[in-house]
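Below is one structure, written out as structure tokens; comments come after it.
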Amino acid sequence: MNKAKIVIAGAGYGGMNAAVTLSKKLGANDASITLVNKHDYHYQTTWLHEPAAGSMEPDRARVKISSLLNTNRVNFVEDEVVEVKKEDKKIILKNGELDYDYLVVALGATAETFGIPGVHEHAFTKWTLDGARQVKEHIELKFADYNNVLDRTEGVLTFVVAGAGFTGIEFIGELSERAPELCKRYDVPREAVRMYVVEAAPSALPGFDPELVEYGMNLLESRGVEFKINTPIKEVTASGVIVGEGEEINADTIVWATGVRGNPVIEKSGFEANRGRVKVEPDLRAPGHDDVFIIGDCALIINEEANRPYPPTAQIATQMAKTTAKNIESLLKGSSNLEAFKFNNQGTVASLGGKEAIGVVGSRKIYGGTASFMKKMIDNKALLTVGGPMLALKKGKFPL
Ligand code: FAD
Ligand code: NAD
């Protein structure tokens with residue numbers, strides 16, 4: 001009898017955890033497992049604000065996929081997924097194709113630009129390891145330019161972060177913490193550096209605990225960050241951003257963090273989607289496609305209590321991977337009684353750079369050193385889950 005073919009697309013939090021869990025659950029005769037990813041490494045998307053701001057070496061945030069897998073059980077293919085051909089039960093890759101009996105789509109997200117003109121041309125939008133390296137190099141170049149370029153632009157050392165969601169806040173936290181060191185290294189007066197966070201909503205971190213938001217904003221302001229709240233960005237140009245009623249902020253560096261949408265492969269493949277995210281069935285399968293599971297940032301699940309979608313996070317992606325692995329195991333055993341996904345919210349902690357963070361864990365608000373400790377614990381736990389204690393010791397955040 002032919003073994004069932006399981007294909008997992010994407011090796012981030014969702015895909016990597018699905019591959020590791022399935023390889024432990026299933027025997028060699030149960031199914032073949034293939035994991036396909038654009039690069040031969042898995043990266044910690046949740047750490048990317050650090051290499052982007054230059055406070056962490058990019059290599060620290062990634063790990064070879066082959067070192068995380070039991071390669072006797074999981075076949076790894078380094079390639080880019082172009083499209084899912086649902087009717088033919090295959091995925092098209094840049095350099096080939098793969099047949100599947102069960103597919104797990106875990107391709108992550110891409111930047112949401114809301115069609116704002118100039119974003120793709122003039123802003124940094126890629127929250128990937130390559131994208132983070134590009135931002136880091138650009139920041140250093142701008143500091144180096146300051147004393148060397150004769151016709152330097154007004155915005156040479158003006159940094160605009162678009163969006164005061166968690167990504168924007170974590171990035172500016174790192175950059176503002178690092179700015180004094182960069183000024184010293186490049187002989188730049190501190191007052192030459194301007195850092196803006198521009199947010200369309202009436203508050204930074206909309207929906208988050210107001211006391212913690214205030215703590216975070218005060219801290220960032222004390223490091224020189226300027227907030228422009230209730231100020232939507234209307235356009236991005238070669239010289240900066242147009243905000244609110246037409247005011248221009250001249251800036252050579254614009255880092256885009258106004259939210260995410262599901263990977264473009266979802267829409268290209270004809271899945272019904274909302275901002276690139278598929279509203280999945282309770283068992284995480286795509287409606288009408290019993291052989292396709294969609295997890296992580298490509299999936300949309302409604303939080304019934306709040307009557308809106310759960311935010312796409314690594315936490316939920318990791319939990320979805322476990323449910324998916326269980327459900328695939330059940331299908332292989334011939335059961336059609338699949339488990340409904342239930343999100344177990346373990347809290348939210350956001351770093352603010354250095355030894356500062358804010359968060360809510362259970363019903364407890366935490367900030368400062370306690371929250372920073374907790375954030376490092378969460379980061380280490382993610383390594384432990386996907387790669388065991390050796391990975392956590394090698395790449396983890398110590399001292400806590
Ligand atoms: P990802 O982890 O992004 O993985 C997607 C994978 O697919 C990647 O390996 C990518 O290379 C690969 N891929 C993409 N396209 C293709 C293709 N066409 N072909 C092949 N491979 C492809 N969430 C939290 O819970 N806590 C946090 O503290 C937190 N911090 C964050 C900080 C930052 C700076 C950012 C940007 C996000 C943060 N998030 C956090 C959100 C979290 O990172 C995402 O929700 C999570 O990574 C989603 O997991 P995923 O598996 O869906 O996608
Ligand atoms: P987000 O959607 O959470 O925040 C985007 C922000 O941009 C919003 O506040 C929005 O009002 C603002 N915005 C939208 N359009 C704008 C415009 N034209 N001008 C100015 N501001 C505009 O997106 P994100 O911060 O990229 O986060 C993506 C996901 O990753 C979320 O689910 C988030 O919870 C998660 N995440 C979690 C953490 C953490 O837990 N520590 C860290 C980073 C990201």
Side-chain angles (χ1 to χ4, degrees), residues 8-18 35-39 41-53 61-62 65 77-83 91 93-94 105-114 116 119 126-132 160-171 174 197-208 228-236 241 243-244 256-265 268 294-299 309-318 320-321 346-351 357-359 375 378-379 382:
I8 301 165
Y13 292 94
M16 204 64 229
N17 280 295
L35 174 66
V36 54
N37 194 66
K38 223 186 231 180
H39 312 282
Y41 55 83
H42 159 84
Y43 54 81
Q44 299 293 314
T45 309
T46 61
W47 297 13
L48 289 177
H49 51 289
E50 297 179 62
R62 68 171 169 177
I65 289 172
V77 175
E78 182 182 346
D79 208 332
E80 188 172 329
V81 179
V82 178
E83 190 177 349
I91 60 171
L93 309 176
K94 221 171 177 178
V105 181
L107 293 168
T110 186
E112 176 61 276
T113 67
F114 302 105
I116 294 168
V119 178
K126 291 198 174 73
W127 289 99
T128 59
L129 196 81
D130 284 331
V160 168
V161 175
F166 285 111
T167 301
I169 291 294
E170 289 199 320
F171 173 74
E174 295 300 317
V197 178
V198 183
E199 168 58 50
S203 151
L205 298 176
F208 199 54
K228 283 193 170 281
I229 300 296
N230 237 335
T231 311
I233 294 179
K234 302 275 175 64
E235 189 180 346
V236 184
V241 291
V243 301
W256 201 254
T258 65
V260 295
R261 53 188 296 125
N263 191 297
V265 167
K268 178 147 197 243
I294 301 192
I295 64 175
D297 286 0
C298 293
Y310 283 113
T313 62
Q315 191 186 155
I316 201 167
T318 304
M320 286 175 171
Q346 294 173 334
T348 300
V349 185
S351 64
I358 45 178
K375 179 77 178 143
I378 294 166
D379 288 348

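Bear in mind that the values here come from a model prediction, so they are computed numbers and not experimental data. Atoms within a ligand are numbered from 1 in the order they appear, just like the ligands themselves.
For Gln315 and Tyr13, the side-chain atoms include no donor-acceptor pair closer than 3.5 Å.
In summary, Lys375 and Glu170 engage in a salt bridge, as defined by a charged side-chain N under 4.0 Å from a carboxylate O.
Partners of Asn263 according to the side-chain contact (heavy atoms from CB on, under 4.5 Å) rule, which considers only residues two or more places apart in sequence or in another chain, are Leu107, Val265, Cys298. For Phe114, there are no ring pair (Phe, Tyr, Trp, His ring centres under 6.0 Å) partners, not counting sequence neighbours.
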Using a cut-off of under 3.5 Å, which N/O atoms of ligand 2 pair up with protein N/O atoms, and what distance separates each pair?
residue: ligand 2; atom: 9 (O); partner: Glu199; partner atom: OE1; Å: 2.7
residue: ligand 2; atom: 9 (O); partner: Glu199; partner atom: OE2; Å: 3.1
residue: ligand 2; atom: 11 (O); partner: Glu199; partner atom: OE2; Å: 2.5
residue: ligand 2; atom: 18 (N); partner: Ile233; partner atom: O; Å: 3.3
residue: ligand 2; atom: 19 (N); partner: Ile233; partner atom: N; Å: 2.9
residue: ligand 2; atom: 21 (N); partner: Ala200; partner atom: N; Å: 3.1
residue: ligand 2; atom: 25 (O); partner: Phe166; partner atom: N; Å: 3.2
residue: ligand 2; atom: 25 (O); partner: Thr167; partner atom: N; Å: 3.0
residue: ligand 2; atom: 25 (O); partner: Thr167; partner atom: OG1; Å: 3.3
residue: ligand 2; atom: 26 (O); partner: Thr167; partner atom: OG1; Å: 3.1
residue: ligand 2; atom: 27 (O); partner: Thr167; partner atom: OG1; Å: 3.4
residue: ligand 2; atom: 30 (O); partner: Pro312; partner atom: O; Å: 3.4
residue: ligand 2; atom: 32 (O); partner: Pro312; partner atom: N; Å: 3.4
residue: ligand 2; atom: 32 (O); partner: Pro312; partner atom: O; Å: 2.9
residue: ligand 2; atom: 41 (N); partner: Glu170; partner atom: OE2; Å: 3.3
residue: ligand 2; atom: 41 (N); partner: Val349; partner atom: O; Å: 2.9

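Using a heavy-atom distance under 4.0 Å as the criterion, the protein contacts of ligand 1 are Gly10, Ala11, Gly12, Tyr13, Gly14, Asn37, Lys38, His39, Tyr43, Thr45, Thr46, His49, Asp79, Glu80, Val81, Ala106, Leu107, Gly108, Trp127, Thr167, Glu170, Asn263, Gly296, Asp297, Pro312, Thr313, Ala314, Gln315, Ala317, Lys375.
Aromatic ring pairs are classed by plane angle as parallel below 30°, tilted from 30° to 60° and perpendicular above 60°; the pair Tyr41 and His39 is parallel.
Checking Asn37, Ile65, Leu35 one by one against His42, the side-chain contact (heavy atoms from CB on, under 4.5 Å) holds for a single residue, Ile65.
Annotation for Thr45 and Trp127: closest pair CG2-O, 4.2 Å, computed over non-hydrogen atoms.
Side-chain contact between Leu205 and Ile169 is present, with heavy atoms from C-beta onward closer than 4.5 Å.
More than 12 non-hydrogen atoms from other residues, nucleotides or ligands lie less than 6.0 angstrom from NZ of Lys234.
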